[in-house]
Enquirer: 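Below: one structure in structure tokens.
We use all heavy atoms of the structure for the numbers below, so side chains are in, but hydrogens, waters and symmetry mates are not. Note that this is a predicted model, so its numbers are computed, not measured. Letters A, B, ... mirror the listed sequences (proteins, then strands); counts begin at 1.
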Protein chains: 2
Amino acid sequence: MPPVGASRDEAPKAPRADAQRNTALVLAAARRAVAAHGLTVSYHEIARLAGVGVGTVYRRFPERDQLMGAVLIDILDELICEANQALDNPDAWAGFRNLFTLLALRTGENAGLSDSLDERGGPQVAQRRSRLLELLRRATLRAQQAHVLRDDVAWHDIPFLAQGATSAVCVLGLHAGPLQAQQAVTVILDGLRRS
Amino acid sequence: MPPVGASRDEAPKAPRADAQRNTALVLAAARRAVAAHGLTVSYHEIARLAGVGVGTVYRRFPERDQLMGAVLIDILDELICEANQALDNPDAWAGFRNLFTLLALRTGENAGLSDSLDERGGPQVAQRRSRLLELLRRATLRAQQAHVLRDDVAWHDIPFLAQGATSAVCVLGLHAGPLQAQQAVTVILDGLRRS
DNA sequence: GACAAACGGACAGGATCTGTCCACTTGAGA
DNA sequence: TCTCAAGTGGACAGATCCTGTCCGTTTGTC
């Protein structure tokens, strides 16, 4: 099987420009769709939001886990970046506070996303999640060692508090105002800070 | 139309004993089902949890709103009772704290239940919700006037903080332990309390 | 013991989602 | 500019799940 195999060694050609554009559109739409409708949002809805046909979404992400994984990786990378900045921040509390705030926003927007991919997300997701948790652990311990964060919370309590700050959008018929999340973050951070 | 009409004036006969028992079973099952699967849980699932046939569920609650309304009334009455106790408590902070804690547990368990019935819940739900909110408002103001609750939170921020404390059950692959909710409630109450 | 009330669950009908297919459009290299 | 492979859209078939009804059977009550 000589000449036929020649193509074997060729570098895989880059996708066409419109294909790349559509991939980005689909990803962005999926992120909004998951935030708005939850994890079970249909491919049709994502396609509608992206302004492409369903066929295009299925062609890019034949498996639902691939698509959700890509969305999650997007979010995890953003959080990992913030976590690194938190550790570099000379002010341990300011670093922790910024990380907590972003964590609150992202986990609130995409509640449940990370968890549904517990096992099926593949190594790319698992590795990033571990990395983020490790950075969060270090940022938490650092703040505690600097005596600015109360000692009776564990690092793994932080994500629960963060998600809680932003996940409630409507309770007892009351609708969350635009500043509701920020208000909750403030109160919780005050509760976390060592007096 | 004389003798036929006689039945018109008779008091409506009480349901049979097994029917009453089943109504209670269905209600309890619905409460668990909503907590576990959300508002869109199917009648089949509720019937399964209750250990009755679907027909029985439909016979008792032909309209979904009736069933959800009944569940919600159950919860609201419990909260109203606690709110009244909060106002009677000589210790303004203790009263507020107890109310907040129960609010956290119930709104976390049944996130979204109250809101979906915003309009369709009927007067029985609307009246109870108004009543609860009014009591919550008074309990909050009372705690602020006693200088035990920070002034920069409004009474209508409280339900959002409460629901947030308990709604997160799984974040970034971490699963909430049995004490997670209590821990969050503690931190948030510390954030709310005036130092 | 008789009978009305209540029950269970099979089933039809409807809504929604998944995933494919193919006629048509578009980008890129010659 | 031309050619053609790559890419697209969206109709459609099939699968899945939910709703709501109906009727033969069971059960409580008088």
Side-chain angles (χ1 to χ4, degrees), chain A residues 3-4 6-8 10-30 32-34 36-71 112-113 116-117 120, chain B residues 3-4 6-8 10-30 32-34 36-71 112-113 116-117 120:
Chain A
V4 181
S7 66
R8 283 259 184 94
E10 289 171 14
K13 231 192 293 184
R16 251 167 50 176
D18 56 341
Q20 292 182 39
R21 196 165 50 239
N22 280 338
T23 301
L25 285 174
V26 168
L27 254 182
R32 276 177 290 142
V34 169
H37 299 95
L39 284 165
T40 57
V41 66
S42 73
Y43 266 41
H44 274 85
E45 174 63 11
I46 294 169
R48 199 185 59 77
L49 280 175
V52 303
V54 253
T56 299
V57 183
Y58 276 104
R59 204 172 306 110
R60 292 283 168 284
F61 302 97
E63 301 289 325
R64 172 172 278 264
D65 285 351
Q66 287 174 27
L67 175 52
M68 294 305 159
V71 170
L113 175 56
S116 76
L117 294 174
R120 298 163 297 149
Chain B
V4 180
S7 67
R8 286 254 182 95
E10 287 170 14
K13 233 193 288 185
R16 248 167 54 175
D18 56 343
Q20 293 182 40
R21 196 165 50 239
N22 279 338
T23 301
L25 285 174
V26 167
L27 253 183
R32 276 178 290 142
V34 168
H37 299 96
L39 284 166
T40 56
V41 65
S42 73
Y43 266 42
H44 275 85
E45 174 63 13
I46 294 170
R48 199 185 60 77
L49 281 175
V52 303
V54 257
T56 298
V57 183
Y58 276 104
R59 206 172 304 113
R60 292 283 167 286
F61 302 97
E63 302 289 325
R64 173 173 276 263
D65 285 351
Q66 288 174 27
L67 175 53
M68 295 304 159
V71 169
L113 175 57
S116 77
L117 295 173
R120 298 163 298 146

Enquirer: Send over the distance from A:Gln20 CD to D:dT8 P, rounded to a whole Å.
Expert: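 In whole Å, D:dT8 P and A:Gln20 CD are 11 Å from each other.
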
Enquirer: Find the distance between CG (B:Leu49) and NE2 (B:His37) and round it off to the nearest 0.5 Å.
Expert: 7.0 Å

Enquirer: Of all heavy-atom pairs between B:Val41 and B:Arg64, which one has the smallest distance, and what is that distance?
Expert: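 Looks like O-NH2, 2.6 Å.
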
Enquirer: Using every non-hydrogen atom in the two residues, find where A:Met68 and A:Leu39 come nearest and quote the distance to one decimal.
Expert: CE-O, 3.8 Å

Enquirer: Within residues 42-54 of chain A, find the residues that approach DNA chain C with a heavy atom at under 4.0 Å, and present them sorted by residue number.
Expert: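 Residues of residues 42-54 of chain A under 4.0 Å from DNA chain C: A:Ser42, A:Tyr43, A:His44.
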
Enquirer: In whole angstroms, how far is the P atom of D:dC18 from the CZ atom of B:Phe61?
Expert: 20 Å

Enquirer: May I have the distance from B:Leu67 (atom CG) to D:dT19 (atom C1'), rounded to whole angstrom?
Expert: 14 Å

Enquirer: I need a per-nucleotide contact map over nucleotides 2-7 of chain D, read 5' to 3'. Cutoff is protein heavy atoms under 4.0 Å; write B for the base, S for backbone only, - otherwise.
Expert: ---BBS

Enquirer: Between C1' on C:dC17 and CD on A:Glu63, what's the gap in Å once rounded to a whole number?
Expert: 16 Å

Enquirer: Given atom CG of A:Leu25 and atom P of D:dT8, what is their separation to the nearest angstrom?
Expert: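 Checked: the CG to P distance equals 10 Å.
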
Enquirer: Find the distance between CG (B:Asp65) and CD (B:Glu63) and round it off to the nearest 0.5 Å.
Expert: 7.0 Å

Enquirer: Quick one: CD on A:Glu45 to CZ on A:Arg32, what's the gap to the nearest 0.5 Å?
Expert: 10.0 Å

Enquirer: Distance-only criterion, 3.5 Å: show the donor-acceptor pairs between side-chain atoms of residues 53-61 of chain A and protein atoms not counting sequence neighbours.
Expert:
{"from": "A:Arg60", "atom 1": "NE", "to": "A:Thr23", "atom 2": "OG1", "distance (Å)": "2.8"}

Enquirer: Roughly how far, to the nearest 0.5 Å, is the CG atom of A:Leu25 from the CD atom of A:Gln20?
Expert: 12.0 Å

Enquirer: Minimum heavy-atom separation for B:Leu27 to B:Ala70, with atom names?
Expert: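 Between these two residues, the closest heavy atoms are CD2-CB, 3.6 Å.
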
